[in-house]
Every structure is written in structure tokens, then in C-alpha cells.
Colleague: 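Provided herewith is a single structure, encoded as C-alpha cells, for subsequent inquiry.
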Amino acid sequence: MEVNLLGIKINAISMEESVDMVARFIKSGRPHRVLTINPEFLYRAQSDGELRGLARRADLVTPDGVGVVWACHLAGNSVPERVTGIDLMLRLVERAARNKWRVFLLGAAPGVAGEAAAKLTSQYPGLQIAGVHHGFFSADEEAAVNSIVRQSRPDLLFVALGAPKQEWWIDRNIAKTGAAVAVGVGGSFDVVAGRAKRAPGWVCRLQLEWLFRLLKEPSRWRRQLVLPLFAWKVFREYKLKKFWTKT
Ligand code: UDP
């Protein structure tokens, strides 16, 4: 089932169902894109047709965070739970270790993807890391990076270049890498490598992860300004408009 939120379709499925869907994509062998969509992406896509097109080309779109889950609810179509980039990545890595999928980590500063791969292999014995590569390469180097990825014969490719850069990269290159699935995962390698901290469990339960990130990285305040704008847009679209059309 899919939910239409501000013109973008989001899959109304649980984490477990998302992992199962990725397993089907891998079985098919054909290239697939996974987008974990956050309020910032959704908001920007309202005034950016190319970003909307990018979201529409994704094969699986999951709600990345409580803001999107709340917005779907207000739009009258609930989604079962949030499926964030890092949580999805960890669940997929667990499945990859069991199913012998080959995993490639592309992105983050030099050294980080390797550290993340080492942490993941010790946590999930049997995990096959096809390869790693940092995310600071130029447009001219893109073809060379593609060829490194392709030669490693990955099934599953995690791309950590930040949103929406990673989604554009996946859009341009997935078919050239030979991977069956590519997932954009933002700052997840930094977290797995232990270079960045994730909010503690109680902060997540209080749904205040955004506040934690703002306090840890105050430079993000500009980006987070989009959160109230997104909330207002959703409220106007799904509550106020209905109210006025009823009266
Ligand atoms: N990054 C990268 N190449 C770039 C820009 C960023 O590999 O050209 C990495 C950066 O080192 C970090 C991640 O992309 O690991 C972005 O993390 P962030 O938490 O900002 O992701 P977002 O919130 O944008 O999804």
C-alpha cells in the first residue's frame, strides 16, 4: 500500500516488510533505488520538480522519522512506523549476513567506510563486504568509482553522501554499478564507525531526535528551519483546506 503525501508516494509498510521488499529486489537482480524520505526532502520537493521526479523514480520510499509518520497520519493515511536510513541499513546488514548478499559501503570521509565495515563484520559474523570507498570524489572521478563498485560485484550498495546528493548519485549510477539495490543512508557510516553519536533510546522514544541533532551540531539550524515550514505546509494542506471546504 502507498500513501500520497504532498504529491509523493510513500510505501505504507513496516520495517520488516521493507527488508522483505529489498530481498525481492535483490532476487530480481535488476537495479532498484530505495529512498528514506525526510521532511527536508519533502518540503524542498514542493518547489523542485526534479526532486519530485527523483522521488517518483524510487522503487521503495520509506518515512524517515516521526515528522513524516505524523504528516501521513494527518493526510488521512497512516504508515505503520518510521523506517529511517540507519535502522534500515542495520536490518539489511543483518539479513545480508544471513543471505550472503555482498555489501558495498560508498561515502563519508576517507577511512570512515572501512571503520564502519569492520564494526559491522564483527557485529554480524558472515557479512560479506564487497568493498568500501570514501565519498569525497569529483564528478570526473565518478566513472572510476563506478568501475570499482562494479568490479566488486555487490548486491546491496549503501550510499552515504548526504541527501539529496546521494539520491542523485544513485539515480545516475545504480544501473552502472551492477548492484541490485542502492540505499541512501546519510550520516550512518559516521555513526556505525563511532565517529558520530546517535540520540539515546529515551530521546528517540520522546521523538526528540531532531532536537538532539540540533544541540550536537548547531550548524544544522539552518537546515532544521525547514521542519516548522514542513509542519505548517502539511497542516495547511490536510487540515485547514478541509476545514474551509467544509464550511
Ligand atoms: N559526505 C560525503 N561526500 C560529500 C558530502 C558528504 O561522503 O561530498 C558524507 C559526510 O562525510 C557524511 C554524510 O555524507 O558522512 C552526510 O551526513 P549527514 O548526516 O549530513 O546526512 P543527511 O542528514 O544529509 O542525510
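Every value quoted in this text rests on a predicted model; they were computed, and no experiment measured them.
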Colleague: Keeping S147 on the side-chain end and A143 on the backbone end, is there a donor-acceptor pair under 3.5 Å?
Modeller: no
Colleague: Decide yes or no for F104 and T177: does some side-chain heavy atom of the first lie under 4.5 Å from some side-chain heavy atom of the second?
Modeller: no
Colleague: Under 3.5 Å, side chain of Q166 to main-chain N/O of G186, donor-acceptor pair present?
Modeller: yes
Colleague: Can you name the nearest heavy-atom pair linking F230 to P39, along with the distance?
Modeller: CD2-CB, 3.5 Å
Colleague: Is R52 reaching over with its side chain to a backbone N or O of I8, donor-acceptor style, under 3.5 angstrom?
Modeller: no
Colleague: Could you check R198 against E209 for salt bridge (charged side-chain N to carboxylate O under 4.0 Å, His left out), going step by step and ending with a plain yes or no?
Modeller: CA-CA 8 Å; R198 222 191 153 180; E209 217 164 345; 3.5 Å; yes
Colleague: Quick check: closest heavy atoms across S78 and A12, and the distance to 0.1 Å?
Modeller: O-CB, 4.0 Å
Colleague: Quick check against the 3.5 Å criterion: does E141 have a side-chain atom that pairs as donor or acceptor with the backbone of S138?
Modeller: yes
Colleague: Between atom CZ of F212 and atom CH2 of W202, what is the distance when rounded to the nearest 0.5 Å?
Modeller: 9.0 Å
Colleague: My understanding is that only one of L88, V103, V181, V34 makes a side chain to side chain contact (heavy atoms under 4.5 Å, CB included) with F158; could you say which?
Modeller: V103
Colleague: More than 12 non-hydrogen atoms from neighbouring residues, nucleotides or ligands closer than 6.0 Å to CH2 on W210, yes or no?
Modeller: no
Colleague: Verify the cluster assignment for L157 and I129: are they in a single hydrophobic cluster under the rule of side-chain heavy atoms below 4.5 Å apart?
Modeller: no
Colleague: Can you get from I26 to L120 by hopping between Ile, Leu, Val, Met, Phe, Trp and Tyr side chains that sit under 4.5 Å apart?
Modeller: yes
Colleague: Same hydrophobic cluster for V159 and V19, using side-chain heavy-atom links shorter than 4.5 Å among ILVMFWY?
Modeller: no
Colleague: Counting distance only, does the side-chain N/O of Q46 pair as donor-acceptor with the main-chain N or O of L42 below 3.5 Å?
Modeller: yes
Colleague: Using the six-membered ring wherever Trp is involved, compare the ring planes of F25 and H32 and label them parallel, tilted or perpendicular (cut-offs 30° and 60°).
Modeller: parallel
Colleague: Should S152 and H133 count as side-chain neighbours, where that means a heavy-atom distance under 4.5 Å?
Modeller: no
Colleague: Considering all heavy atoms of both residues, which atom of V68 and which atom of P63 are nearest to each other, and what is their separation?
Modeller: CG1-CB, 3.7 Å
Colleague: Has the side chain of N38 got a donor or acceptor atom that lies under 3.5 Å from a matching backbone atom of E40?
Modeller: yes
Colleague: Check the pair S18 / L60 against side-chain contact (heavy atoms from CB on, under 4.5 Å), numbers first and verdict last.
Modeller: CA-CA 8 Å; S18 302; L60 168 61; 4.2 Å; yes
Colleague: Quick one: CZ on F41 to CG on D64, what's the gap to the nearest 0.5 Å?
Modeller: 11.5 Å
Colleague: For E50, look at atom CD and say whether over 12 heavy atoms of other residues, nucleotides or ligands are found less than 6.0 Å away.
Modeller: no
Colleague: Go through L51 and W168 one step at a time and tell me if the side-chain contact (heavy atoms from CB on, under 4.5 Å) criterion holds.
Modeller: CA-CA 9 Å; L51 214 51; W168 284 118; 3.9 Å; yes
Colleague: Of all heavy-atom pairs between V192 and M89, which one has the smallest distance, and what is that distance?
Modeller: CG2-CE, 3.7 Å
Colleague: Enter the distance from L211:CG to L206:CG here, rounded to the nearest 0.5 Å.
Modeller: 10.5 Å
Colleague: So, R95 and E16, do they make that salt bridge, N to O below 4.0 Å?
Modeller: yes
Colleague: Indicate if W169 and I148 have the same hydrophobic cluster label, given that clusters are the connected sets of ILVMFWY residues with side-chain heavy-atom separations under 4.5 angstrom.
Modeller: yes
Colleague: Roughly how far, to the nearest 0.5 Å, is CG of N146 from CG of N173?
Modeller: 4.0 Å
Colleague: Can you measure from CH2 (W101) to CG (L156) and round to the nearest 0.5 angstrom?
Modeller: 7.0 Å
Colleague: Can you confirm whether T84 sits close enough to T36 that some side-chain heavy atom of one is under 4.5 Å from a side-chain heavy atom of the other?
Modeller: no
Colleague: To check you understand the geometry: which heavy-atom pair defines the closest contact between V61 and A55, and what is its length?
Modeller: CG2-O, 3.9 Å
Colleague: Donor-acceptor pair, distance only, cut-off 3.5 Å: does the side chain of R153 make one with the backbone of G178?
Modeller: no
Colleague: Verify the neighbour count for atom CZ of R172: are there more than 12 heavy atoms of other residues, nucleotides or ligands below 6.0 Å?
Modeller: yes
Colleague: Take L106 and F137 through the test side-chain contact (heavy atoms from CB on, under 4.5 Å) and record every step on the way to the result.
Modeller: CA-CA 11 Å; L106 171 66; F137 51 90; 3.9 Å; yes
Colleague: Just how far is it from atom CG of D59 to atom OG of S28, taken to the nearest 0.5 Å?
Modeller: 9.0 Å
Colleague: Hey, which of L74, I37, V79, I10 is the one that makes side chain to side chain contact (heavy atoms under 4.5 Å, CB included) with L5?
Modeller: I10
Colleague: Do L90 and V191 sit in one hydrophobic cluster, given that two such residues count as connected whenever their side-chain heavy atoms are within less than 4.5 Å of each other, even indirectly?
Modeller: yes
Colleague: Indicate the atoms forming the closest heavy-atom contact of S188 with G85, along with that distance.
Modeller: OG-C, 4.2 Å
Colleague: I need the single residue from R56, K165, R57, K176 that forms a salt bridge (charged side-chain N to carboxylate O under 4.0 Å, His left out) with D171. Which is it?
Modeller: R57
